Amino acid sequence: GSSDSGSSSSGSAAAGGSGGGGGTIAVITVDPSNPYWKAEVDTAVAEAKKLGYETTVDAHGNDADKQNQFIDGAISKKVKAIILDPAGADESVGAVKKATDAGIPVFLVNAEIADQGIAKSQIVSNNAQGATLGAQAWVESVGEKGEYVELFGNPTDNNAQVRSDGYTEVISQYPDLKLVQKETANWDRAEGKAKMEIMLRAHPNIVGVVSGNDEMALGAIQALKDAGKLDQVKVLGFDGNQDAANAVKAGEMVATVLQPIVQGTTLAVQQADAFLKDGKTGASTEKQAIDCVLITKDNVDTLDNFVLSE
Amino acid sequence: MTQVAERPANAEPDADVVLRAVDITKTYGVTRALKGVNFDVRRGKVTVLFGENGAGKSTLMKILSGVEQPTGGVLELDGEPVVLASTNDAVARGIAIIHQELNLCPNLSVRDNIFIGRELRTRRGDVDYAREARITRELMERLEEPIHPSTLVADLRLGQQQIVEIARALAADARILIMDEPTSALSAAEVEVLFKIIDDLTADGVAIVYISHHLEEAIEVADHAVVFRDGELVADRSAEGLTLPWVVAAMVGREAEYDFTGAAREFGEVALRIEDVRVVDPDAGGRLAVDGVSIDVHAGEIVAVYGLMGAGRTELMEALSGREPIASGRAVLGSTDLAGHSIQERIALGIGLVPEDRQRDGLVQLMTVGQNLSLASLLGAVRRGFVSRKHERGGIDDQIRDVRVKTAGPEALITSLSGGNQQKVVIGKMLLTRPKVLLLDEPTRGIDVGAKGEIFSLLFREAERGLAVLYVTSEIGEALTASHRVVVMSKGRVVREFDPRTCTREEVMAAAGEAGGDVHPKEPDSE
Amino acid sequence: MSDTLAPPRETRPAATPPPAGRFRKPNWNALLVEGRALIALAIIVVIFASLSPNFLDPSNLILMTRHVAMNAILAIGMLMVILNGGIDLSVGSTVGVTGVIAGYLLQGWDMPLTQLVAYPPVWVVIAASVLIGALVGWVNGVLVSKLNVAPFIATLGMLYVARGIALLITNGETFTKLQGEEGLGNTGFITALASAPLGIPMPVWFMVAFAVVFSLLLNRTAFGRWLYATGGNERAAELSGVPVKRVQTIVYVLSGLCAATVGLLLTADLPAATPRAGEFYELNAIAAVVIGGAALSGGRGTIRGTLIGAFVIGFLVDGLVLVGVSVFWQQVIKGAVIILAVAVDQLQQSLQKRRALRRVAAATNRPGAPRPA
Amino acid sequence: MSDTLAPPRETRPAATPPPAGRFRKPNWNALLVEGRALIALAIIVVIFASLSPNFLDPSNLILMTRHVAMNAILAIGMLMVILNGGIDLSVGSTVGVTGVIAGYLLQGWDMPLTQLVAYPPVWVVIAASVLIGALVGWVNGVLVSKLNVAPFIATLGMLYVARGIALLITNGETFTKLQGEEGLGNTGFITALASAPLGIPMPVWFMVAFAVVFSLLLNRTAFGRWLYATGGNERAAELSGVPVKRVQTIVYVLSGLCAATVGLLLTADLPAATPRAGEFYELNAIAAVVIGGAALSGGRGTIRGTLIGAFVIGFLVDGLVLVGVSVFWQQVIKGAVIILAVAVDQLQQSLQKRRALRRVAAATNRPGAPRPA
Ligand SMILES: Nc1ncnc2c1ncn2[C@@H]1O[C@H](COP(=O)(O)OP(=O)(O)OP(=O)(O)O)[C@@H](O)[C@H]1O
Ligand SMILES: Nc1ncnc2c1ncn2[C@@H]1O[C@H](COP(=O)(O)OP(=O)(O)OP(=O)(O)O)[C@@H](O)[C@H]1O
Ligand SMILES: [Mg+2]
Ligand SMILES: [Mg+2]
């Protein structure tokens with residue numbers, strides 16, 4: 001917002017570098033109480049430390065206004081760079097612009113924003129591609145006919161939409177697979193379980209569940225266990241967090257899609273470092289989509305806390 | 001009852017009548033508060049209503065002032081039928097009321113309370129505080145009460161709060177002014193002032209309806225007397241030759257004057273020893289409401305503490321009950337020093353308080369008569385961890401009988417009782433705890449003679465069984481007829497003690513600093 | 001109310017009867033209020049039953065009742081606080097923190113100052129988190145009773161504090177190794193709390209147990225009466241020797257205990273201990289209590305009503321999912337039902353009042369009813 | 001001001017008023033309570049200033065004040081409701097729904113029954129969403145005043161309903177085309193609400209304007225007095241002919257207006273209209289009002305205090321971010337501060353009382369014991 005023109009001068013002035021070591025990098029994530037984002041934070045902090053930066057961590061919980069405040073805070077703190085997991089593609093444009101105007105380079109991880117040329121780099125895991133991967137694997141295991149339900153992420157989070165679209169894109173090619181109900185469980189495990197339990201009542205003979213993320217999927221799995229229907233119903237997750245990995249190992253989850261969040265975050269911090277050193281991120285494009293990896297029984301053993309050891 | 005003239009409902013209207021209630025009935029659920037009452041209010045006259053607690057006086061007044069709607073019957077203003085749908089309706093038609101119980105906003109100033117709902121505006125349309133303040137000051141002078149317009153009502157003594165209520169009614173410039181128990185918390189001098197004002201008003205042709213349980217007082221102002229009993233108008237006459245015995249007879253249908261001066265007076269040893277007690281005024285910090293009081297009360301003795309409002313008697317009572325801390329000095333019950341004991345422990349030890357303001361401190365309005373009665377003695381009814389219905393109910397029934405509560409039964413809501421009967425419940429509650437010493441603060445405020453008699457005979461009966469009673473009263477007559485000893489307090493100190501059999505009213509009132517015109521301290525903080 | 005200087009805030013006319021339960025004389029108004037809640041429940045059941053064949057099928061009823069149970073247990077604790085004239089916004093966070101404590105201890109507690117990791121047996125784990133719940137409640141109680149902090153504020157602060165602590169304990173992680181190990185002798189947590197003896201899920205058993213115990217507490221013990229009294233008129237209760245401060249503290253402890261129970265049941269049910277568990281549960285609990293006929297001003301409310309209220313909320317939420325109403329509509333409908341369920345009986349009363357006025361108008365043979373006072 | 005804004009007797013500190021008190025009383029307690037809030041603010045400023053060199057840097061102060069402004073405006077509306085003895089939990093959702101309305105209209109409103117798309121000018125857009133805000137408030141008001149639904153419940157229901165509607169309007173999406181188009185003559189929304197005349201951000205200007213207008217309303221008009229009266233003793237106010245019902249309705253409308261204003265400011269500030277905007281803002285607003293010395297029981301509170309309260313909350317939150325306190329600790333500290341800020345003056349009071357007692361006890365031997373200095 002233009003209302004910050006007042007503070008931009010002081011901001012850019014400070015970009016010259018205060019703070020100890022290599023200065024401070026602000027890491028702004030969504031919600032560290034979710035394993036996925038926790039991995040993101042931990043990676044960023046570790047990598048930054050390795051490169052000799054201080055870090056501060058904030059979590060906006062997908063509240064764009066909170067994100068705004070954290071950006072403002074970072075500007076006041078005169079940090080050298082911001083690693084941001086944006087709260088919504090559209091809402092975040094203003095915030096990123098604000099920081100850039102204040103002379104602080106912003107590096108996006110995990111999710112993108114609607115505009116280009118503002119952030120230095122947007123390193124996103126390719127949700128659409130990941131969803132397609134997952135959907136295909138899931139279709140294989142359920143066979144090509146039957147009723148299924150979908151657990152939808154937080155409706156106001158565009159990743160929920162992207163993944164859902166990816167699923168439907170694939171599954172819609174199989175006319176005999178019918179989506180009988182779509183409920184949101186707000187990314188949450190407990191809600192995923194409760195919703196699944198009820199949906200099982202409405203549609204007792206479903207053959208599969210596709211879930212927007214692992215937490216909801218794990219909730220659904222527990223519900224299916226309690227109902228003794230786990231063998232009849234195939235569950236697809238997304239994120240590739242450790243609990244999900246264990247579930248895949250145990251054959252309770254058909255597959256989950258690993259978002260290379262660790263890889264992406266590492267890249268983001270490295271590019272931030274490069275940019276601060278010689279003004280270039282080193283990446284050819286601003287937008288860098290890192291493909292997701294399908295996690296099934298075959299490769300699950302190589303997965304450890306969001307990292308695949310080839 | 002011979003001189004009681006029944007008034008036919010269809011009497012031809014006489015010119016003086018401004019407001020007439022025709023065949024008014026009012027029922028609250030099962031209780032029939034009013035059973036077809038015909039009642040006239042006359043221009044320039046003071047019509048006084050007599051009647052026991054629950055006779056229906058306040059109910060009728062609430063109807064006349066638009067607070068309540070009658071179940072049946074018609075109101076005629078200047079011969080025209082009217083519906084008073086709200087208090088605004090009534091005020092708009094020149095009818096103002098002083099409610100029996102205070103209706104003030106404690107968080108607002110005196111000025112604000114007087115002008116709420118009928119603000120004076122400046123040309124700019126905002127409130128004209130200056131003018132309001134000026135008028136308030138004038139009213140306060142007229143009432144001879146040195147209260148500053150911007151004083152918080154919460155900071156006023158009960159008495160002063162009642163003055164504010166009166167001032168508000170006066171400010172309405174009503175042609176019909178209803179006063180329901182306006183003096184229950186006023187000192188004799190303040191009452192005199194009120195009566196002067198009433199004279200002025202009637203001279204200007206204002207019609208006044210006056211209700212009070214201070215019968216002598218009421219008889220003094222009456223031009224016209226009306227007597228209620230059980231929701232019916234049983235007598236209606238002019239005030240010539242109106243006498244106390246007649247009123248009492250008409251009210252209760254029997255002679256009910258009480259006089260316990262002759263009561264037995266063999267006392268046990270000291271039950272409660274109060275030694276040089278000081279209490280800090282809870283509101284005005286640092287100021288001493290009680291300043292070095294020493295009183296001994298013996299088992300079987302009934303001591304009346306007489307004094308003006310603001311004498312600090314309530315604070316003394318509250319300190320003894322454990323509600324307020326004793327700043328210095330000792331209070332010893334039998335052999336145990338009360339210092340450091342909670343209210344609960346003190347009740348267990350055998351001393352409890354019947355508070356001054358029954359609505360604020362005495363009753364749980366959401367509960368039934370029975371639950372209120374048993375509240376303080378509940379632990380006594382506990383068997384194996386549970387409250388035994390049998391034991392609880394037993395105590396309740398006894399108490400309802402002993403204290404003569406007029407109620408549909410233990411399950412009736414306490415709010416369905418009239419003021420007097422509610423008070424009996426509060427007293428009964430404390431008696432159920434089998435106290436050694438009973439403290440009562442204004443136990444007969446707003447209670448009719450019949451009930452007063454019952455309450456005191458009850459107290460004396462208990463006294464003969466060894467109960468020690470210390471009660472606060474502002475009614476001189478009561479202090480002299482219903483006590484073994486009268487202690488006079490003034491400005492937080494005990495000024496003198498009297499033997500009711502030998503002393504005179506004048507002596508006592510003088511001791512209280514009540515004689516003459518200027519009795520109320522101009523400097524409230526010198527109380 | 002008509003004659004107190006500063007009346008306790010009343011949401012209802014003075015002439016409403018006391019809480020049900022003391023003398024067996026039926027007390028109509030309370031019944032009526034609950035009746036109203038029952039009607040709401042009946043309507044919900046009828047509608048959903050007609051919309052979805054599965055709604056009334058026993059297994060579904062059991063399932064929904066299990067969902068209801070969690071909220072009902074919280075609501076029972078909340079009722080204690082509301083009867084006292086207070087409110088407890090921190091129950092949701094308490095659910096979170098107690099659940100996390102349990103998960104943490106089951107994972108193994110690496111004891112401070114030592115290299116050792118302790119694996120306390122299940123009963124210790126349960127005791128510990130129940131204790132924590134009571135502790136949180138006790139702090140609330142002290143803040144309210146001793147320091148006179150407004151309940152809304154005290155528990156609002158605690159809402160943040162407790163949640164923050166839950167997050168700090170787990171450092172954001174979710175504990176999932178709750179089944180314990182034979183060798184360590186800490187197995188059985190899940191079976192103890194998430195099994196279904198006689199086909200009835202554990203949470204339901206707990207709900208029933210809590211309902212029985214707490215109605216006894218309210219209707220048969222001195223404490224119960226004291227609670228209603230302090231809610232009705234604290235000053236009067238105090239002068240009658242009721243230990244008002246202690247009562248006030250205890251109700252928050254009780255609420256904390258209920259929250260801890262839910263925390264444990266929820267953790268066992270998932271089975272996983274997540275620091276976000278229980279977020280915003282307080283709102284449903286409060287709604288249940290009020291739909292059940294309790295007055296937020298204190299002194300009025302019953303266990304029976306509260307349970308009905310919990311069923312209204314729970315059946316509604318599940319029913320909407322069952323018939324597949326869109327997510328956004330679910331919110332709108334839920335809000336509307338909460339309001340309606342409470343508004344209905346108020347409507348009744350105001351209608352009665354207006355009728356009374358019309359009678360008067362008729363009596364004075366004036367056309368048209370005057371505006372109600 | 002000092003006449004109207006005093007707390008009821010019970011909550012007044014022991015050591016007021018001085019001898020002359022009965023005759024001219026500047027309103028000590030209100031000042032004292034606010035003083036307490038001011039102290040809290042001072043402490044916060046000092047701590048953060050010492051921890052972060054940038055805290056006191058003007059641009060940062062302006063920045064934080066902009067954040068404070070949003071909450072402050074909500075808090076002013078909330079104060080109206082709380083003075084009346086009510087509470088408004090729906091303001092957050094109202095922020096959301098009004099913002100979304102604005103976004104929707106700016107995107108272009110495809111009119112029902114036609115193929116046309118309308119692009120209303122900015123002033124219409126603003127008027128429309130302000131109107132919606134007032135409407136939401138009015139519904140709350142009617143529920144509370146006419147149907148006697150407990151404020152907590154009425155507005156809790158509205159919290160769900162309004163949020164649901166916001167989501168339904170956007171279908172969960174976010175509107176971002178807010179800058180309008182010259183051709184359509186609907187530009188200027190953002191500049192109008194997110195610019196910074198004289199270097200002071202628009203929200204701050206609004207905060208100041210609202211503060212002035214509402215203190216005039218409270219202290220110079222009859223409505224203001226009526227509001228304090230209804231909060232102090234509703235029954236008495238009603239018997240004095242105060243239109244208590246209307247006052248009650250109006251306060252919720254005012255709260256709705258404030259929420260709508262925030263909704264617009266927030267949307268312009270992002271700039272984007274998201275249906276989840278304003279979630280849980282009500283809690284901060286309530287906290288601000290209470291920290292500012294208002295009583296949730298009604299009848300006591302000031303605009304000045306409320307503003308201070310808003311600054312306490314706002315500076316705390318931003319300060320914690322500025323000095324980089326861990327996310328989880330932020331919650332704990334925020335909760336603790338809310339509680340402390342309110343608990344402190346209660347402690348004060350009891351201490352003063354004890355001191356007064358000790359003074360008397362000490363001076364006992366002297367007859368005619370101490371009068372206060
Ligand atoms: N709000 C009410 N609900 C139910 N019953 C009521 C109500 N108000 C009054 N009553 C009943 O109506 C009758 C008359 O009450 P009222 O207050 O008019 O008596 P009163 O003559 O004013 O008594 P007192 O002298 O004690 O004031 C009483 O029996 C009382 O129980
Ligand atoms: N209703 C009240 N509101 C505020 N302060 C009061 C009230 N009643 C008493 N006080 C305080 O207590 C002091 C003593 O006044 P109070 O009238 O209670 O003495 P009292 O001798 O008990 O008079 P009474 O017992 O006749 O009411 C007063 O100076 C006043 O400060
Ligand atoms: Mg009366
Ligand atoms: Mg007194």
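Just so we're clear, the structure is a prediction, and the values are computed from it rather than from any experiment. The chains referred to below are lettered A, B, ... by the order of the sequence lines, with proteins before strands, and numbering in each begins at 1.
- Note on A/Glu197, A/Gln242, A/Glu191, A/Lys195: by heavy-atom pairs under 4.5 Å with chain C, the leading option is A/Glu197.
- Counting heavy-atom pairs closer than 4.5 Å to chain A, the top-ranked of the candidates C/Val323, C/Asp57, C/Val327, C/Asn60 is C/Asn60.
- Contacts from residues 199-210 of chain A to chain C, taken as heavy-atom pairs separated by less than 4.5 Å, involve A/Met199, A/Arg201, A/Ala202 in sequence order.
- The most heavy-atom pairs under 4.5 Å with chain A, out of C/Ser52, C/Pro53, C/Ser59, C/Gly319, come from C/Ser59.
- Judged by distance alone, the side chain of A/Gln181 and the main-chain N or O of C/Val321 form a donor-acceptor pair under 3.5 Å.
- Side-chain atoms of C/Thr176 and A/Arg189, non-hydrogen and from C-beta on, do get closer than 4.5 Å to each other.
- Applying the 6.0 Å contact sphere to NZ of A/Lys145 captures no more than 12 heavy atoms from other residues, nucleotides or ligands.
- Taken from CG in A/Asp188 to OG1 in C/Thr274, the straight-line distance is 6.5 Å, to the nearest 0.5 Å.
- Between chain A and the options C/Leu322, C/Leu270, C/Asn54, heavy-atom pairs under 4.5 Å are most frequent for C/Leu270.
- Side-chain atoms of C/Pro271 and A/Gln222, non-hydrogen and from C-beta on, do get closer than 4.5 Å to each other.
- Interface residue C/Phe328: only side-chain heavy atoms are found under 4.5 Å from chain A.
- Classification of A/Lys193 and C/Asp269 as a salt-bridged pair holds, one side-chain N sitting under 4.0 Å from a carboxylate O.
- The number of heavy atoms from other shown groups lying within 6.0 Å of NZ (C/Lys177) does not exceed 12.
- Put simply, CG on A/Asp31 and CG on C/Leu167 are 8.0 Å apart, with the number rounded to the nearest 0.5 Å.
- More than 12 heavy atoms of other residues, nucleotides or ligands lie within 6.0 Å of NZ in A/Lys182, so this atom counts as buried by the packing criterion.
- Looking only at atom types and distance, the side chain of A/Glu183 has a donor-acceptor partner in the side chain of C/Gln330 under 3.5 Å away.
- The 12-atom threshold is not exceeded at NZ of A/Lys49, counting heavy atoms of other residues, nucleotides or ligands nearer than 6.0 Å.
- In this structure, the separation between CG on C/Leu63 and CD1 on A/Ile198 is 4.5 Å, given to the nearest 0.5 Å.
- Between A/Ser33 and the options C/Arg163, C/Glu173, C/Arg276, a side-chain contact (heavy atoms from CB on, under 4.5 Å) holds for only C/Arg276.
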